[in-house]
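Data block below; observations after.
Ligands are counted one by one from 1 in listed order, and the atoms in each one are counted from 1 as well. Here, residue 1 is the first one in the sequence, and each next residue gets the next number. Heavy-atom basis, side chains included; hydrogens, waters and symmetry copies ignored.
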Amino acid sequence: MKVTVVGAGAVGASCAEYIAIKDFADEIVLVDIKEGFAEGKAMDLMQTASLNGFDSTITGTTGDYAKTAGSDVAVITSGIPRKPGMTREELIGINAGIVKEVSENLIKHSPDVIIIVVSNPMDTMTYLAAKSTGLPKNRIIGMGGALDSARFKYRLAEAIGCPQSDISGMVIGGHSDTGMVPLIEKATRNSVPVTEFLTADQQAEVVEATKVGGATLTKLLGTSAWYAPGAAVSELVRAIALDSKKMFPCSALLDGEYGLSDLCIGVPVIIGKNGIEKIVEIELSDAEKEKLTASAEGVRKTNGDLKL
Ligand code: NAI
């Protein structure tokens, strides 16, 4: 498998590193606009191959998309991240132009590619990539819910005082502080509802901490996070590479599912060799449905700022 990662910054490099360490890809190509940056990151990462024990090759290029030709998967992380106090939506002005140009360049050289969009505001950037490339909807995946769900599990395990591996849980909805819908009533610890371990106040705290998970890190780091985002992307790429048909919440172009159409928003999907193999419609309570609908309104409002 050949994977291209556009943007060799914090998230792109972390994602390339996890993909390399997990050792399922033959070739990883990093692309950046900053002269020599992707080449440097690729060389640094390649010098970890004997230490970390992987056989994937990693190369870098300053904007030469011919080197990405024949990619099976491309991850778009190019664009600016938020600074403390900013919302993801505020990044649209700069990132929309970058995501449009990058996705068009990618499909010129890799017509069969599956694109994973990471750049923020992610749901709107995923919609933009879908519209500007015209790719079938199974081949455009937005990464947000896989990360938000990992942050939800971290918060749940911390509140309960148990290992994260005991926890199952999912966050659907838009990838924004107000749009995320952590499904706390469906989350479990070893198949027992987490609501049996946490008071109503604790549950509310976990939900809130999950929704502002990115902002909390941005405040601490001065820029947005990269390890968990990179790891989350690598798991989506691995599910495609291994055709594992695992379920992740991802931003997908909806066509009537959950009563929503013509927008990309986080819903549970099955990921396999064709990208989004299926959108899974889980039973939502009235309260969950209401939150998803409100979240969709927020995403639509941001989509309205796109010049399509
Ligand atoms: P960064 O600033 O470290 O890296 C971005 C890289 O993109 C830079 O190296 C820059 O030179 C490059 N770039 C800019 N324009 C380009 C172009 N036209 N072609 C190729 N490369 C270009 O930023 P970071 O922290 O890696 O974040 C990247 C994006 O991912 C941001 O928009 C951020 O908000 C988003 N993000 C999304 C997450 C999610 O869950 N969806 C999680 C974390 C970050």
Side-chain angles (χ1 to χ4, degrees), residues 4-18 29-42 60-65 67-68 74-84 86-106 115-129 132 140-152 171 173-177 179-180 210-218 221-236 248-251 264-266 299 302:
T4 287
V5 180
V6 186
V11 176
S14 157
C15 148
E17 182 179 12
Y18 284 116
V29 182
L30 279 170
V31 183
D32 206 282
I33 201 169
K34 248 188 276 172
E35 190 65 45
F37 193 59
E39 290 86 335
K41 288 277 179 108
T61 169
T62 307
D64 180 2
Y65 280 83
K67 300 216 167 107
T68 70
V75 182
I76 303 181
T77 76
S78 45
I80 52 164
R82 56 184 172 157
K83 295 271 172 261
M86 281 175 90
T87 66
R88 295 175 178 90
E89 288 75 8
E90 287 174 69
L91 305 173
I92 190 170
I94 294 179
N95 287 357
I98 296 174
V99 169
K100 184 167 190 292
E101 176 210 309
V102 165
S103 36
E104 286 169 359
N105 278 329
L106 284 168
I115 294 182
I116 300 179
V117 180
V118 181
S119 309
N120 274 317
M122 183 279 293
D123 298 289
T124 295
M125 294 301 105
T126 307
Y127 183 72
L128 172 64
S132 59
I140 298 274
I141 309 171
M143 195 295 290
L147 168 66
D148 301 331
S149 301
R151 288 178 171 158
F152 185 37
V171 177
H175 179 62
S176 70
D177 298 357
M180 281 178 220
T210 301
K211 291 170 76 172
V212 298
T216 303
L217 283 161
T218 302
L221 297 166
T223 184
S224 66
W226 53 89
Y227 293 121
V233 174
S234 75
E235 280 302 284
L236 298 187
F248 297 89
C250 290
S251 194
C264 295
I265 193 165
V299 172
T302 311

Under 4.0 Å from any heavy atom of [X], which atoms of ligand 1 are there?
X: L147; value: 40 (O), 42 (C)
X: N95; value: 32 (O)
X: V6; value: 20 (C)
X: P229; value: 42 (C), 43 (C)
X: F37; value: 9 (O)
X: S224; value: 25 (O), 44 (C)

For [atom], what's the nearest protein heavy atom and its distance?
atom: atom 12 (C) of ligand 1; value: D32 OD2, 3.2 Å
atom: atom 39 (C) of ligand 1; value: H175 NE2, 3.4 Å
atom: atom 3 (O) of ligand 1; value: A10 N, 2.9 Å

Spacing of [atom1] belonging to [X] relative to [atom2] belonging to [Y], to within rounding of 0.5 Å:
X: T87; Y: R82; atom1: OG1; atom2: CZ; value: 7.5 Å
X: I80; Y: N95; atom1: CD1; atom2: CG; value: 5.5 Å
X: L106; Y: T68; atom1: CG; atom2: OG1; value: 5.5 Å

For this session: Please state which part of M143 comes within less than 4.0 Å of ligand 1, counting heavy atoms only: side chain, backbone, both or neither.
Result: both
For this session: Quick one: look at W226 and ligand 1, take heavy-atom pairs under 4.0 Å, and tell me if it's side chain, backbone, both or neither.
Result: neither
Polar proximity ligand 1 side, [X] side, N/O cut 3.5 Å exclusive:
X: S78; value: no
X: N120; value: yes
X: V118; value: yes

Problem set entry | K100, NZ atom: more than 12 neighbouring heavy atoms under 6.0 Å | no
Any donor-acceptor pair under 3.5 Å linking the side chain of [X] with the backbone of [Y]?
X: E89; Y: P121; value: no
X: N120; Y: R88; value: no
X: S234; Y: C15; value: no
X: T77; Y: V118; value: no

Exercise. If every non-hydrogen atom of K41 is compared with every non-hydrogen atom of G9, which pair is closest and at what distance?
Worked result: NZ-O, 3.9 Å
For this session: Taking the side chain as every heavy atom from C-beta outward, state whether W226 and L221 have any pair of such atoms under 4.5 Å apart.
Result: yes
Exercise. So do the side chains of H175 and L147 get within less than 4.5 Å of each other, counting heavy atoms only?
Worked result: yes
For this session: Go through the steps for C250 and L236 under the test side chain to side chain contact (heavy atoms under 4.5 Å, CB included), then give the verdict.
Result: CA-CA 9 Å; C250 290; L236 298 187; 3.9 Å; yes
Of [options], which has the heavy atom at the shortest distance from [atom]?
atom: atom 5 (C) of ligand 1; options: G79, G7, A225, S251; answer: G79
atom: atom 32 (O) of ligand 1; options: L91, I80, L221, T77; answer: I80
atom: atom 15 (N) of ligand 1; options: T126, I98, I116; answer: I98
atom: atom 19 (N) of ligand 1; options: V11, I33, V99; answer: I33
atom: atom 2 (O) of ligand 1; options: G63, G9, P81, G230; answer: P81

Exercise. Is the closest heavy-atom distance from T223 to ligand 1 below 4.0 Å?
Worked result: no
